[in-house]
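Report on one structure; see the data block that follows.
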Amino acid sequence: MFPSGEITIPKSVLFQKVGEEIVLLSLDSGVYFGLDPVGARIWELISEQKSLDEVAETIAAEYDAPRETIDGDLESLVKELQEKKLISIG
(Lines give C-alpha, C1' and ligand atoms only; values in the text may rest on other atoms or scores of the structure.)
Protein backbone atom coordinates (compact mmCIF):
# COMPACT_ATOMS: atom_id res chain seq x y z
CA MET A 1 0.00 0.00 0.00
CA PHE A 2 2.73 2.46 0.96
CA PRO A 3 5.55 3.31 -1.42
CA SER A 4 8.63 1.27 -0.62
CA GLY A 5 12.09 2.68 -0.19
CA GLU A 6 13.89 4.91 2.24
CA ILE A 7 12.20 8.18 3.16
CA THR A 8 14.58 11.11 3.09
CA ILE A 9 14.18 14.73 4.04
CA PRO A 10 16.12 16.95 1.63
CA LYS A 11 18.85 19.05 3.24
CA SER A 12 17.09 22.13 1.86
CA VAL A 13 14.03 21.45 4.05
CA LEU A 14 14.12 23.10 7.45
CA PHE A 15 11.68 22.21 10.20
CA GLN A 16 10.95 23.61 13.61
CA LYS A 17 8.63 22.50 16.38
CA VAL A 18 6.29 25.28 17.48
CA GLY A 19 4.22 24.17 20.44
CA GLU A 20 2.70 20.84 19.45
CA GLU A 21 2.98 21.59 15.73
CA ILE A 22 5.85 21.52 13.25
CA VAL A 23 6.44 24.01 10.46
CA LEU A 24 8.41 23.04 7.37
CA LEU A 25 10.18 25.34 4.94
CA SER A 26 11.80 24.32 1.68
CA LEU A 27 14.68 26.68 0.91
CA ASP A 28 14.65 25.48 -2.72
CA SER A 29 11.01 26.25 -3.50
CA GLY A 30 9.96 28.56 -0.69
CA VAL A 31 7.15 26.16 0.24
CA TYR A 32 5.97 26.68 3.81
CA PHE A 33 3.89 23.88 5.33
CA GLY A 34 2.40 23.37 8.78
CA LEU A 35 1.71 20.06 10.50
CA ASP A 36 -0.84 19.62 13.28
CA PRO A 37 0.15 17.60 16.38
CA VAL A 38 -0.53 14.22 14.72
CA GLY A 39 1.27 15.31 11.55
CA ALA A 40 4.13 16.55 13.73
CA ARG A 41 4.42 13.14 15.38
CA ILE A 42 4.44 11.50 11.93
CA TRP A 43 7.22 13.90 10.86
CA GLU A 44 9.25 13.01 13.96
CA LEU A 45 8.95 9.31 13.13
CA ILE A 46 9.88 9.93 9.49
CA SER A 47 12.91 11.94 10.59
CA GLU A 48 13.96 8.92 12.70
CA GLN A 49 14.08 6.97 9.41
CA LYS A 50 11.11 4.75 10.26
CA SER A 51 9.36 2.96 7.40
CA LEU A 52 5.83 4.10 6.60
CA ASP A 53 4.52 0.80 7.95
CA GLU A 54 6.37 1.43 11.24
CA VAL A 55 5.02 4.98 11.33
CA ALA A 56 1.45 3.74 10.81
CA GLU A 57 1.82 1.09 13.53
CA THR A 58 3.21 3.62 16.01
CA ILE A 59 0.53 6.23 15.30
CA ALA A 60 -2.28 3.65 15.51
CA ALA A 61 -0.96 2.48 18.89
CA GLU A 62 -0.29 5.95 20.32
CA TYR A 63 -3.64 7.40 19.27
CA ASP A 64 -5.66 4.21 19.72
CA ALA A 65 -7.03 4.60 16.20
CA PRO A 66 -7.99 1.99 13.60
CA ARG A 67 -5.05 1.06 11.40
CA GLU A 68 -7.18 1.48 8.24
CA THR A 69 -7.89 5.11 9.15
CA ILE A 70 -4.24 5.78 9.92
CA ASP A 71 -3.13 4.16 6.65
CA GLY A 72 -5.43 6.38 4.58
CA ASP A 73 -4.47 9.58 6.40
CA LEU A 74 -0.76 8.73 6.27
CA GLU A 75 -0.94 7.95 2.57
CA SER A 76 -2.57 11.34 1.89
CA LEU A 77 0.00 13.22 3.98
CA VAL A 78 2.95 11.44 2.39
CA LYS A 79 1.60 12.15 -1.10
CA GLU A 80 1.22 15.84 -0.27
CA LEU A 81 4.72 16.04 1.25
CA GLN A 82 6.17 14.35 -1.85
CA GLU A 83 4.31 16.68 -4.21
CA LYS A 84 5.69 19.68 -2.32
CA LYS A 85 9.17 18.06 -2.42
CA LEU A 86 9.41 18.09 1.38
CA ILE A 87 10.32 14.38 1.40
CA SER A 88 11.47 11.84 -1.15
CA ILE A 89 11.02 8.09 -1.17
CA GLY A 90 13.27 5.66 -2.92
Side-chain angles (χ1 to χ4, degrees):
M1 178 172 174
F2 295 120
S4 60
E6 183 180 350
I7 304 168
T8 56
I9 300 169
K11 294 192 184 309
S12 62
V13 174
L14 304 177
F15 55 96
Q16 179 68 45
K17 191 162 189 163
V18 179
E20 293 184 12
E21 300 180 352
I22 288 182
V23 292
L24 312 172
L25 173 65
S26 170
L27 297 178
D28 288 341
S29 66
V31 169
Y32 175 86
F33 194 77
L35 296 169
D36 66 12
V38 177
R41 180 65 178 129
I42 290 169
W43 184 264
E44 289 170 350
L45 293 167
I46 287 173
S47 68
E48 293 171 6
Q49 300 182 328
K50 304 282 187 194
S51 71
L52 291 176
D53 193 53
E54 291 172 318
V55 170
E57 276 295 318
T58 301
I59 295 298
E62 289 180 0
Y63 289 89
D64 194 27
R67 176 65 193 259
E68 304 78 40
T69 303
I70 298 299
D71 286 352
D73 292 348
L74 180 57
E75 188 174 9
S76 295
L77 177 60
V78 165
K79 182 178 179 185
E80 189 169 6
L81 292 172
Q82 280 184 291
E83 288 171 355
K84 296 182 181 304
K85 298 191 182 346
L86 296 168
I87 62 169
S88 61
I89 301 177

Let me confirm one number: the [atom1]-[atom2] distance from [X] to [Y], rounded to the nearest 0.5 Å.
X     : Y     : atom1 : atom2 : answer
Asp36 : Leu77 : CG    : CG    : 8.5 Å
Thr58 : Ile42 : OG1   : CD1   : 10.5 Å
Glu75 : Lys79 : CD    : NZ    : 8.0 Å
Ser51 : Ile7  : OG    : CD1   : 7.0 Å
Ile70 : Glu68 : CD1   : CD    : 10.0 Å
Leu74 : Thr69 : CG    : OG1   : 12.0 Å

Minimum heavy-atom distance [X]-[Y], with the two atoms named:
X     : Y     : result
Pro10 : Ile87 : CD-CA, 4.0 Å
Ile22 : Lys17 : CG1-CA, 4.0 Å
Ile59 : Arg41 : CD1-CG, 3.5 Å
Ile9  : Leu86 : CG2-O, 4.0 Å
Glu21 : Pro37 : CG-CD, 4.1 Å

Practice problem: Enumerate the residue pairs fulfilling ring-ring contact (aromatic ring centres under 6.0 Å, His included) with a member in residues 48-81, sequence neighbours excluded, ordered by first and then second residue. | Solution: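 ring-ring contact (aromatic ring centres under 6.0 Å, His included) check on residues 48-81 returns no pairs.
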
Quiz item: Does a salt bridge link Arg67 with Asp53, judged by any charged N lying under 4.0 Å from a carboxylate O?
Solution: yes

Practice problem: List for me each residue that meets side chain to side chain contact (heavy atoms under 4.5 Å, CB included) alongside Asp64, sequence neighbours excluded, and say none if there are none. | Solution: none

Practice problem: Would you sort out whether Leu35 and Phe15 count as a side-chain contact (heavy atoms from CB on, under 4.5 Å), showing the intermediate values? | Solution: CA-CA 10 Å; Leu35 296 169; Phe15 55 96; over 6 Å; no

Quiz item: Just wondering, are more than 12 heavy atoms of other shown residues or ligands nearer than 6.0 Å to CD in Glu20?
Solution: no

Exercise. Give the cluster check for Tyr32 versus Val18: same hydrophobic cluster or not, with ILVMFWY residues linked at side-chain heavy-atom distances below 4.5 Å.
Key: yes

Quiz item: Can you hop from Leu25 to Val31 via hydrophobic side chains spaced under 4.5 Å?
Solution: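 Result: no, two separate clusters.
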
Quiz item: Is there a side-chain contact between Leu52 and Ile89 (heavy atoms, below 4.5 Å)?
Solution: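 Heavy-atom side-chain distance check passes, below 4.5 Å.
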
Exercise. Under the ring pair (Phe, Tyr, Trp, His ring centres under 6.0 Å) rule, collect the residues that match up with Phe33, sequence neighbours excluded.
Key: none

